[in-house]
Peer 1: 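Pasting in a structure now, in C-alpha coordinates, and then I'll have a few things to ask.
For reference, positions follow the sequence shown, starting with 1.
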Amino acid sequence: MSSCCFSTGAGSRLGRGLAACLGVLALLPGASAGGEASTLAAVESKAEVLNCADLPPLLASKNRQLVLASRDGWVAVFDMNPSSLRQERRVASSLEALALSSDGRWLLASTEQASALQLFDGRLQPVKTIALQSLDGRQRTRVAAIRDLPERRSFLVALQDLAEVWEISYDPLAEEVHDGLVHDYRMGEALGKPGFLHPRRTPLEAPVMDWLKGTAAPHIWLTLQPRAGGGLRLQLLHLDVRRAIASMPLSRAVKLSAGLLFERQGHPVLAVPAQDQGQDPLEFIELQRLHPPLGLDLPRIANAVGQAQSASLTDALRKLPWSQLKGHYPRPTAAADAAEPADPCVGVNGAES
(Lines give C-alpha, C1' and ligand atoms only; values in the text may rest on other atoms or scores of the structure.)
Protein backbone atom coordinates (compact mmCIF):
# COMPACT_ATOMS: atom_id res chain seq x y z
CA MET A 1 0.00 0.00 0.00
CA SER A 2 1.29 3.39 -0.92
CA SER A 3 0.13 6.70 0.46
CA CYS A 4 0.46 10.31 -0.57
CA CYS A 5 -0.96 13.42 1.04
CA PHE A 6 -1.85 16.98 0.15
CA SER A 7 -1.61 19.76 2.71
CA THR A 8 -0.85 23.44 2.72
CA GLY A 9 2.84 24.25 3.07
CA ALA A 10 3.96 20.66 3.54
CA GLY A 11 5.68 20.50 0.17
CA SER A 12 8.27 23.17 0.92
CA ARG A 13 9.03 21.76 4.38
CA LEU A 14 9.52 18.25 3.03
CA GLY A 15 11.62 19.54 0.15
CA ARG A 16 14.12 21.20 2.49
CA GLY A 17 14.37 18.21 4.83
CA LEU A 18 14.58 15.71 2.01
CA ALA A 19 17.29 17.67 0.21
CA ALA A 20 19.46 17.55 3.33
CA CYS A 21 18.90 13.81 3.76
CA LEU A 22 19.68 13.07 0.14
CA GLY A 23 22.91 15.02 0.39
CA VAL A 24 24.08 12.69 3.15
CA LEU A 25 22.89 9.56 1.36
CA ALA A 26 24.86 10.53 -1.72
CA LEU A 27 28.05 9.97 0.31
CA LEU A 28 27.30 6.26 0.77
CA PRO A 29 29.70 3.87 -0.97
CA GLY A 30 28.17 2.90 -4.29
CA ALA A 31 25.36 5.43 -3.99
CA SER A 32 23.98 7.02 -7.12
CA ALA A 33 21.37 9.61 -8.00
CA GLY A 34 18.83 6.83 -8.53
CA GLY A 35 20.05 4.55 -5.71
CA GLU A 36 19.56 4.98 -1.96
CA ALA A 37 18.55 8.61 -2.52
CA SER A 38 15.50 7.78 -4.62
CA THR A 39 14.63 4.94 -2.26
CA LEU A 40 14.57 7.28 0.76
CA ALA A 41 12.47 9.71 -1.28
CA ALA A 42 9.96 6.93 -1.89
CA VAL A 43 10.00 6.00 1.79
CA GLU A 44 9.48 9.61 2.89
CA SER A 45 6.54 9.92 0.48
CA LYS A 46 4.52 7.74 2.83
CA ALA A 47 1.95 9.90 4.53
CA GLU A 48 2.65 8.73 8.08
CA VAL A 49 6.13 10.27 7.82
CA LEU A 50 4.97 13.70 6.72
CA ASN A 51 2.70 14.61 9.66
CA CYS A 52 0.10 16.06 7.29
CA ALA A 53 -2.99 17.78 8.64
CA ASP A 54 -5.39 15.36 6.96
CA LEU A 55 -5.51 11.59 7.03
CA PRO A 56 -3.61 10.01 4.10
CA PRO A 57 -5.36 8.30 1.20
CA LEU A 58 -5.32 4.50 1.40
CA LEU A 59 -5.08 2.13 -1.55
CA ALA A 60 -5.93 -1.58 -1.65
CA SER A 61 -3.85 -2.83 -4.56
CA LYS A 62 -5.65 -6.18 -4.93
CA ASN A 63 -8.97 -4.73 -6.04
CA ARG A 64 -7.95 -1.18 -6.96
CA GLN A 65 -9.98 0.37 -4.16
CA LEU A 66 -9.11 3.79 -2.81
CA VAL A 67 -10.27 5.31 0.49
CA LEU A 68 -10.24 8.99 1.42
CA ALA A 69 -10.86 10.17 4.97
CA SER A 70 -10.84 13.44 6.85
CA ARG A 71 -10.33 14.19 10.50
CA ASP A 72 -13.95 15.34 10.90
CA GLY A 73 -15.08 11.73 10.37
CA TRP A 74 -15.99 11.57 6.66
CA VAL A 75 -14.88 8.47 4.76
CA ALA A 76 -15.30 7.83 1.01
CA VAL A 77 -14.62 4.57 -0.84
CA PHE A 78 -13.85 4.62 -4.57
CA ASP A 79 -13.59 1.97 -7.26
CA MET A 80 -10.66 2.84 -9.50
CA ASN A 81 -11.67 0.98 -12.69
CA PRO A 82 -13.25 3.32 -13.65
CA SER A 83 -13.09 6.00 -10.96
CA SER A 84 -16.48 6.02 -9.26
CA LEU A 85 -17.73 6.74 -5.75
CA ARG A 86 -18.96 3.54 -4.10
CA GLN A 87 -19.73 4.65 -0.54
CA GLU A 88 -19.47 7.82 1.51
CA ARG A 89 -20.64 8.46 5.03
CA ARG A 90 -19.61 10.13 8.24
CA VAL A 91 -18.49 7.29 10.50
CA ALA A 92 -17.54 9.43 13.53
CA SER A 93 -17.40 13.01 14.73
CA SER A 94 -13.60 12.88 14.38
CA LEU A 95 -10.90 10.45 13.29
CA GLU A 96 -7.29 10.30 14.42
CA ALA A 97 -6.04 7.15 12.61
CA LEU A 98 -7.30 4.86 9.86
CA ALA A 99 -6.01 1.75 8.08
CA LEU A 100 -7.33 -0.23 5.10
CA SER A 101 -6.84 -3.98 4.79
CA SER A 102 -4.88 -5.23 1.80
CA ASP A 103 -7.98 -6.93 0.37
CA GLY A 104 -10.07 -3.77 0.75
CA ARG A 105 -12.68 -5.52 2.91
CA TRP A 106 -11.93 -3.91 6.28
CA LEU A 107 -11.30 -0.43 7.68
CA LEU A 108 -9.94 0.01 11.20
CA ALA A 109 -10.34 3.47 12.73
CA SER A 110 -9.74 5.23 16.01
CA THR A 111 -11.56 8.37 17.11
CA GLU A 112 -10.36 11.21 19.31
CA GLN A 113 -13.30 11.07 21.73
CA ALA A 114 -14.06 7.38 22.27
CA SER A 115 -11.39 5.16 23.79
CA ALA A 116 -12.07 2.43 21.26
CA LEU A 117 -11.20 1.06 17.86
CA GLN A 118 -14.03 0.80 15.35
CA LEU A 119 -13.96 -1.82 12.61
CA PHE A 120 -15.95 -1.22 9.41
CA ASP A 121 -16.60 -3.40 6.40
CA GLY A 122 -16.09 -2.29 2.79
CA ARG A 123 -19.55 -0.66 2.76
CA LEU A 124 -18.56 1.48 5.78
CA GLN A 125 -20.96 -0.40 8.04
CA PRO A 126 -19.77 -0.87 11.66
CA VAL A 127 -18.82 -4.47 12.45
CA LYS A 128 -17.03 -4.43 15.80
CA THR A 129 -15.92 -2.09 18.57
CA ILE A 130 -12.70 -2.90 20.45
CA ALA A 131 -12.10 -1.09 23.74
CA LEU A 132 -8.70 0.57 24.03
CA GLN A 133 -7.79 -0.60 27.50
CA SER A 134 -5.55 -2.92 29.44
CA LEU A 135 -6.50 -6.58 29.78
CA ASP A 136 -7.91 -5.99 33.28
CA GLY A 137 -9.83 -2.92 32.09
CA ARG A 138 -8.17 -0.57 34.58
CA GLN A 139 -6.19 1.60 32.17
CA ARG A 140 -7.45 3.39 29.08
CA THR A 141 -5.25 4.43 26.19
CA ARG A 142 -5.26 6.20 22.84
CA VAL A 143 -3.88 4.97 19.55
CA ALA A 144 -0.45 6.10 18.39
CA ALA A 145 -0.68 4.55 14.92
CA ILE A 146 -2.47 1.87 12.89
CA ARG A 147 -0.95 0.15 9.86
CA ASP A 148 -1.81 -2.75 7.62
CA LEU A 149 0.49 -5.80 7.44
CA PRO A 150 -0.54 -7.33 4.09
CA GLU A 151 1.87 -10.28 4.39
CA ARG A 152 0.16 -11.34 7.64
CA ARG A 153 -3.37 -10.23 6.72
CA SER A 154 -3.60 -8.17 9.87
CA PHE A 155 -3.55 -4.68 11.35
CA LEU A 156 -0.85 -3.59 13.78
CA VAL A 157 -1.88 -1.05 16.44
CA ALA A 158 0.58 0.96 18.54
CA LEU A 159 -0.77 2.46 21.77
CA GLN A 160 0.18 5.74 23.42
CA ASP A 161 -0.23 4.81 27.08
CA LEU A 162 -0.03 1.01 27.26
CA ALA A 163 3.25 -0.91 26.94
CA GLU A 164 1.74 -3.17 24.28
CA VAL A 165 1.25 -3.53 20.55
CA TRP A 166 -1.83 -5.25 19.18
CA GLU A 167 -2.11 -7.35 16.06
CA ILE A 168 -5.67 -7.73 14.77
CA SER A 169 -5.96 -10.44 12.13
CA TYR A 170 -8.56 -10.24 9.36
CA ASP A 171 -7.71 -13.76 8.24
CA PRO A 172 -10.76 -16.01 8.94
CA LEU A 173 -8.33 -18.90 9.58
CA ALA A 174 -6.27 -17.02 12.17
CA GLU A 175 -5.12 -19.04 15.18
CA GLU A 176 -6.80 -18.58 18.55
CA VAL A 177 -5.63 -15.76 20.81
CA HIS A 178 -4.48 -16.63 24.34
CA ASP A 179 -4.20 -13.58 26.57
CA GLY A 180 -1.58 -13.98 29.27
CA LEU A 181 0.82 -16.89 29.74
CA VAL A 182 -0.03 -20.46 28.71
CA HIS A 183 2.38 -23.30 29.45
CA ASP A 184 1.25 -25.47 26.54
CA TYR A 185 -1.76 -24.35 24.50
CA ARG A 186 -1.73 -27.68 22.62
CA MET A 187 -2.73 -29.47 25.85
CA GLY A 188 -5.86 -27.34 26.23
CA GLU A 189 -4.62 -25.59 29.37
CA ALA A 190 -6.46 -22.36 28.49
CA LEU A 191 -9.52 -21.35 26.55
CA GLY A 192 -8.54 -19.24 23.59
CA LYS A 193 -10.52 -16.49 21.90
CA PRO A 194 -11.13 -16.50 18.15
CA GLY A 195 -8.13 -15.05 16.34
CA PHE A 196 -10.29 -13.46 13.63
CA LEU A 197 -10.77 -9.73 14.35
CA HIS A 198 -9.59 -10.06 17.95
CA PRO A 199 -6.47 -8.25 19.26
CA ARG A 200 -3.40 -10.34 20.00
CA ARG A 201 -1.43 -8.44 22.64
CA THR A 202 2.36 -8.29 22.69
CA PRO A 203 3.79 -6.86 25.95
CA LEU A 204 6.65 -4.36 25.75
CA GLU A 205 8.98 -2.65 28.21
CA ALA A 206 7.37 0.74 27.52
CA PRO A 207 4.83 2.30 25.12
CA VAL A 208 5.90 2.69 21.48
CA MET A 209 7.37 5.96 20.24
CA ASP A 210 7.80 4.98 16.58
CA TRP A 211 8.09 1.90 14.40
CA LEU A 212 9.21 0.57 11.03
CA LYS A 213 8.09 -2.66 9.37
CA GLY A 214 10.97 -5.04 8.71
CA THR A 215 11.72 -6.74 5.41
CA ALA A 216 10.46 -10.07 6.82
CA ALA A 217 6.78 -10.31 7.76
CA PRO A 218 7.08 -11.13 11.52
CA HIS A 219 9.68 -8.43 12.28
CA ILE A 220 8.90 -4.88 13.45
CA TRP A 221 11.54 -2.31 14.45
CA LEU A 222 10.52 -0.21 17.47
CA THR A 223 11.70 2.74 19.49
CA LEU A 224 10.05 2.84 22.92
CA GLN A 225 9.31 5.75 25.22
CA PRO A 226 12.38 6.07 27.49
CA ARG A 227 11.83 5.11 31.09
CA ALA A 228 13.09 7.17 34.02
CA GLY A 229 16.88 7.08 34.06
CA GLY A 230 17.04 5.05 30.85
CA GLY A 231 18.12 5.99 27.36
CA LEU A 232 16.46 5.49 24.01
CA ARG A 233 16.72 1.98 22.57
CA LEU A 234 16.02 0.31 19.24
CA GLN A 235 14.27 -3.05 19.51
CA LEU A 236 13.43 -5.78 17.01
CA LEU A 237 10.02 -7.27 17.78
CA HIS A 238 9.06 -10.74 16.55
CA LEU A 239 5.28 -10.90 16.22
CA ASP A 240 5.08 -14.70 16.20
CA VAL A 241 6.89 -15.19 19.51
CA ARG A 242 5.42 -11.89 20.81
CA ARG A 243 8.55 -10.42 22.33
CA ALA A 244 11.62 -8.38 21.47
CA ILE A 245 14.40 -10.63 20.21
CA ALA A 246 17.20 -8.04 20.05
CA SER A 247 17.90 -4.46 21.10
CA MET A 248 20.59 -1.78 21.13
CA PRO A 249 21.01 1.76 22.53
CA LEU A 250 20.54 4.82 20.34
CA SER A 251 22.63 7.97 20.67
CA ARG A 252 19.75 10.32 19.78
CA ALA A 253 16.06 10.40 18.88
CA VAL A 254 15.21 9.41 15.31
CA LYS A 255 12.15 9.25 13.03
CA LEU A 256 12.08 5.49 12.73
CA SER A 257 9.01 5.35 10.47
CA ALA A 258 10.99 7.28 7.82
CA GLY A 259 13.86 4.78 7.94
CA LEU A 260 15.48 2.78 5.17
CA LEU A 261 16.92 -0.72 5.57
CA PHE A 262 19.78 -1.60 3.21
CA GLU A 263 23.16 -3.32 3.04
CA ARG A 264 26.38 -1.31 3.17
CA GLN A 265 29.62 -3.15 2.44
CA GLY A 266 27.90 -6.42 3.23
CA HIS A 267 26.52 -5.28 6.62
CA PRO A 268 22.88 -4.44 7.45
CA VAL A 269 22.35 -0.73 8.08
CA LEU A 270 19.34 1.31 9.08
CA ALA A 271 19.35 4.93 7.84
CA VAL A 272 16.88 7.18 9.68
CA PRO A 273 16.33 10.95 9.80
CA ALA A 274 17.23 12.45 13.17
CA GLN A 275 14.63 14.30 15.23
CA ASP A 276 17.07 17.19 15.68
CA GLN A 277 17.85 18.25 12.13
CA GLY A 278 21.30 19.62 12.94
CA GLN A 279 24.63 19.05 11.24
CA ASP A 280 23.90 15.35 10.67
CA PRO A 281 20.31 15.01 9.42
CA LEU A 282 20.65 11.23 9.04
CA GLU A 283 21.62 8.63 11.62
CA PHE A 284 23.23 5.43 10.28
CA ILE A 285 22.67 2.51 12.66
CA GLU A 286 24.98 -0.48 12.20
CA LEU A 287 22.64 -3.37 13.00
CA GLN A 288 25.43 -5.86 13.67
CA ARG A 289 25.66 -4.12 17.07
CA LEU A 290 22.32 -5.66 18.07
CA HIS A 291 22.33 -7.78 21.20
CA PRO A 292 22.04 -10.65 20.81
CA PRO A 293 23.66 -10.44 17.35
CA LEU A 294 21.36 -11.62 14.58
CA GLY A 295 22.03 -12.73 11.04
CA LEU A 296 19.77 -10.33 9.14
CA ASP A 297 19.23 -10.47 5.40
CA LEU A 298 18.20 -6.98 4.33
CA PRO A 299 18.08 -6.75 0.54
CA ARG A 300 17.87 -3.37 -1.09
CA ILE A 301 14.40 -1.99 -1.61
CA ALA A 302 13.47 -1.70 -5.28
CA ASN A 303 13.79 2.02 -5.95
CA ALA A 304 11.24 2.28 -8.73
CA VAL A 305 8.45 0.43 -6.91
CA GLY A 306 7.65 3.01 -4.24
CA GLN A 307 7.89 5.91 -6.67
CA ALA A 308 5.64 4.19 -9.21
CA GLN A 309 3.02 3.47 -6.55
CA SER A 310 3.08 7.07 -5.32
CA ALA A 311 2.78 8.38 -8.88
CA SER A 312 -0.09 5.99 -9.60
CA LEU A 313 -1.96 7.08 -6.47
CA THR A 314 -1.43 10.76 -7.23
CA ASP A 315 -2.77 10.26 -10.75
CA ALA A 316 -5.77 8.35 -9.39
CA LEU A 317 -6.60 11.16 -6.94
CA ARG A 318 -6.69 13.71 -9.73
CA LYS A 319 -9.28 11.64 -11.60
CA LEU A 320 -11.70 11.19 -8.70
CA PRO A 321 -15.26 12.55 -9.05
CA TRP A 322 -14.73 15.26 -6.43
CA SER A 323 -18.09 16.92 -7.14
CA GLN A 324 -19.90 13.89 -5.68
CA LEU A 325 -18.23 14.21 -2.27
CA LYS A 326 -19.90 15.83 0.71
CA GLY A 327 -17.09 15.87 3.26
CA HIS A 328 -13.83 17.81 3.50
CA TYR A 329 -10.93 15.98 1.83
CA PRO A 330 -7.39 17.00 0.80
CA ARG A 331 -7.45 17.74 -2.92
CA PRO A 332 -4.51 18.00 -5.36
CA THR A 333 -4.07 20.99 -7.66
CA ALA A 334 -2.11 20.96 -10.90
CA ALA A 335 -0.64 24.39 -10.22
CA ALA A 336 0.96 23.39 -6.92
CA ASP A 337 2.20 20.16 -8.45
CA ALA A 338 3.90 22.05 -11.27
CA ALA A 339 5.52 24.45 -8.80
CA GLU A 340 7.23 21.64 -6.88
CA PRO A 341 7.33 18.62 -9.20
CA ALA A 342 9.88 16.71 -7.11
CA ASP A 343 7.81 16.81 -3.93
CA PRO A 344 5.57 13.87 -3.07
CA CYS A 345 3.41 16.10 -0.83
CA VAL A 346 1.85 18.83 -2.98
CA GLY A 347 -1.24 20.95 -3.27
CA VAL A 348 -3.74 22.54 -0.90
CA ASN A 349 -7.00 21.56 0.72
CA GLY A 350 -9.95 22.18 -1.60
CA ALA A 351 -13.23 23.70 -0.54
CA GLU A 352 -16.28 21.56 0.09
CA SER A 353 -18.30 20.77 -3.01
Peer 1: If I take atom CG from residue Leu236 and atom CD1 from residue Ile245, how far apart are they, to the nearest 0.5 angstrom?
Peer 2: 4.5 Å
Peer 1: Going by atom types alone, do Glu167 and Thr202 pair a side-chain donor with an acceptor below 3.5 Å?
Peer 2: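 Their side chains do not contain a donor-acceptor pair, so the 3.5 Å distance test is not met.
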Peer 1: Going by side-chain heavy atoms closer than 4.5 Å, which hydrophobic residues are tied to Leu162, directly or by a chain of links?
Peer 2: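 Traced through the cluster, Leu162 reaches Trp106, Leu108, Leu117, Leu119, Val127, Ile130, Leu132, Val143, Ile146, Phe155, Val157, Leu159, Trp166, Ile168, Tyr170, Phe196, Leu197.
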Peer 1: Less than 4.5 Å apart, side chain to side chain, heavy atoms only: is that true for Gln118 and Leu98?
Peer 2: no
Peer 1: Does Gln65 use its side chain to pair, donor to acceptor, with the backbone of Gly104 at less than 3.5 Å?
Peer 2: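 Yes: the side chain of Gln65 pairs with the backbone of Gly104.
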Peer 1: Spell out, as yes or no, whether a donor-acceptor pair under 3.5 Å connects the side chain of Glu283 to the backbone of Ser251.
Peer 2: no
Peer 1: As a quick check of understanding, evaluate side chain to side chain contact (heavy atoms under 4.5 Å, CB included) for Trp322 and Leu68, giving each step before the final call.
Peer 2: CA-CA 11 Å; Trp322 293 99; Leu68 293 183; 3.7 Å; yes
Peer 1: Kindly indicate whether the side chain of Glu88, heavy atoms from C-beta on, has any atom under 4.5 Å from the side chain of Trp74.
Peer 2: yes
Peer 1: Tell me the closest heavy-atom pair linking Pro226 and Leu232, and the distance in Å.
Peer 2: CD-CD1, 4.4 Å
Peer 1: Could you name each residue pair satisfying ring-ring contact (aromatic ring centres under 6.0 Å, His included) that touches residues 230-249, not counting sequence neighbours?
Peer 2: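 Listed once each, the pairs are His219-His238.
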Peer 1: For Arg71 and Leu55, what are the C-alpha separation, side-chain angles and deciding distance, and is it a side chain to side chain contact (heavy atoms under 4.5 Å, CB included)?
Peer 2: CA-CA 6 Å; Arg71 293 201 177 274; Leu55 295 172; 3.7 Å; yes
Peer 1: Between Ser70 and Asp72, do the side chains contain a donor N or O and an acceptor N or O under 3.5 Å apart?
Peer 2: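 Judged by distance alone, the side chains do pair up.
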Peer 1: Begin with the C-alpha distance, continue with both residues' side-chain angles, and end with the deciding distance and a verdict on side-chain hydrogen bond (donor to acceptor under 3.5 Å, both in side chains) for Asp103 and Ser101.
Peer 2: CA-CA 5 Å; Asp103 57 9; Ser101 65; 2.6 Å; yes
Peer 1: Quick one: closest heavy-atom pair of Leu95 and Ala69, and the distance?
Peer 2: CD1-CB, 4.3 Å
Peer 1: Where the side chain of Arg242 meets the backbone of Arg201, is there a donor-acceptor pair that is under 3.5 Å apart?
Peer 2: yes
Peer 1: Taking the side chain as C-beta and beyond, is there a heavy-atom pair between Leu234 and Val254 under 4.5 Å?
Peer 2: no
Peer 1: Mind checking whether Lys213 and Leu156 have side chains closer than 4.5 Å, heavy atoms only?
Peer 2: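 Of all side-chain heavy-atom pairs linking Leu156 with Lys213, none is under 4.5 Å.
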Peer 1: So do Leu261 and Leu287 actually touch side chain to side chain, heavy atoms under 4.5 Å?
Peer 2: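 Yes, side chains in contact.
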Peer 1: Nearest 0.5 Å, please: how far is CG in Leu320 from CZ in Phe78?
Peer 2: 4.5 Å
Peer 1: Give a yes or no answer on whether the side chain of Ser115 reaches the backbone of Thr141 with a donor-acceptor pair at less than 3.5 Å.
Peer 2: yes
Peer 1: Side chains of Lys326 and Arg90, heavy atoms from C-beta outward: is any pair under 4.5 Å?
Peer 2: no
Peer 1: Short question: side chain of Arg89, backbone of Leu124 - any donor-acceptor pair under 3.5 Å?
Peer 2: yes
Peer 1: Taking all heavy atoms of Pro321 and all of Ser84, pick out the closest pair and write down the distance.
Peer 2: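 Heavy atoms only, the tightest pair is CG-CA, 4.4 Å.
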Peer 1: Closest approach of Leu325 and Ala76, non-hydrogen atoms and distance?
Peer 2: CD2-CB, 3.7 Å
Peer 1: Rounded to the nearest 0.5 Å, how far apart are NZ of Lys128 and NE2 of His198?
Peer 2: 6.0 Å
Peer 1: Within this structure, what is the CZ-CD distance for the pair Arg243 and Gln235, rounded to the nearest 0.5 Å?
Peer 2: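 One gets 11.5 Å once the value is rounded to the nearest 0.5 Å.
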Peer 1: Checking Ala206 now: which residues fulfil side-chain contact (heavy atoms from CB on, under 4.5 Å) with it, not counting sequence neighbours?
Peer 2: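 For Ala206, the residues satisfying side-chain contact (heavy atoms from CB on, under 4.5 Å) (neighbours in sequence not counted) are Leu224, Arg227.
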Peer 1: Kindly compute the distance separating CE (Met80) from CG (Leu66), expressed to the nearest 0.5 Å.
Peer 2: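 Reported to 0.5 Å precision, the distance equals 5.0 Å.
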Peer 1: Taking C-beta and beyond as the side chain, do Arg142 and Ser110 meet within less than 4.5 Å on heavy atoms?
Peer 2: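 Heavy-atom side-chain distance check fails, nothing below 4.5 Å.
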Peer 1: Going by an N to O cut-off under 4.0 Å, is there a salt bridge joining Arg233 and Glu205?
Peer 2: no
Peer 1: So which atom in Gly259 and which in Val272 form the shortest heavy-atom distance, rounded to 0.1 Å?
Peer 2: CA-CG1, 3.4 Å
Peer 1: Taking all atoms of both residues into account, what is the closest heavy-atom pair of Leu317 and Pro57, and its distance?
Peer 2: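 For Leu317 and Pro57, the tightest heavy-atom pair comes out as CD1-CG, 3.9 Å.
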Peer 1: Between Asp148 and Leu58, does a side chain to side chain contact (heavy atoms under 4.5 Å, CB included) hold up when you go through it step by step?
Peer 2: CA-CA 10 Å; Asp148 179 52; Leu58 304 171; over 6 Å; no
Peer 1: Got a second to check how far Gln225's CD is from Asp210's CG, nearest 0.5 Å?
Peer 2: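 Answer rounded to 0.5 Å: 11.5 Å.
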Peer 1: If you define the side chain from C-beta out and look only at heavy atoms, does anything of Arg152 sit under 4.5 Å from Pro218?
Peer 2: yes
Peer 1: Which is it for Ile220 and Val165 under the side chain to side chain contact (heavy atoms under 4.5 Å, CB included) test, yes or no, and what are the steps along the way?
Peer 2: CA-CA 11 Å; Ile220 302 292; Val165 293; over 6 Å; no
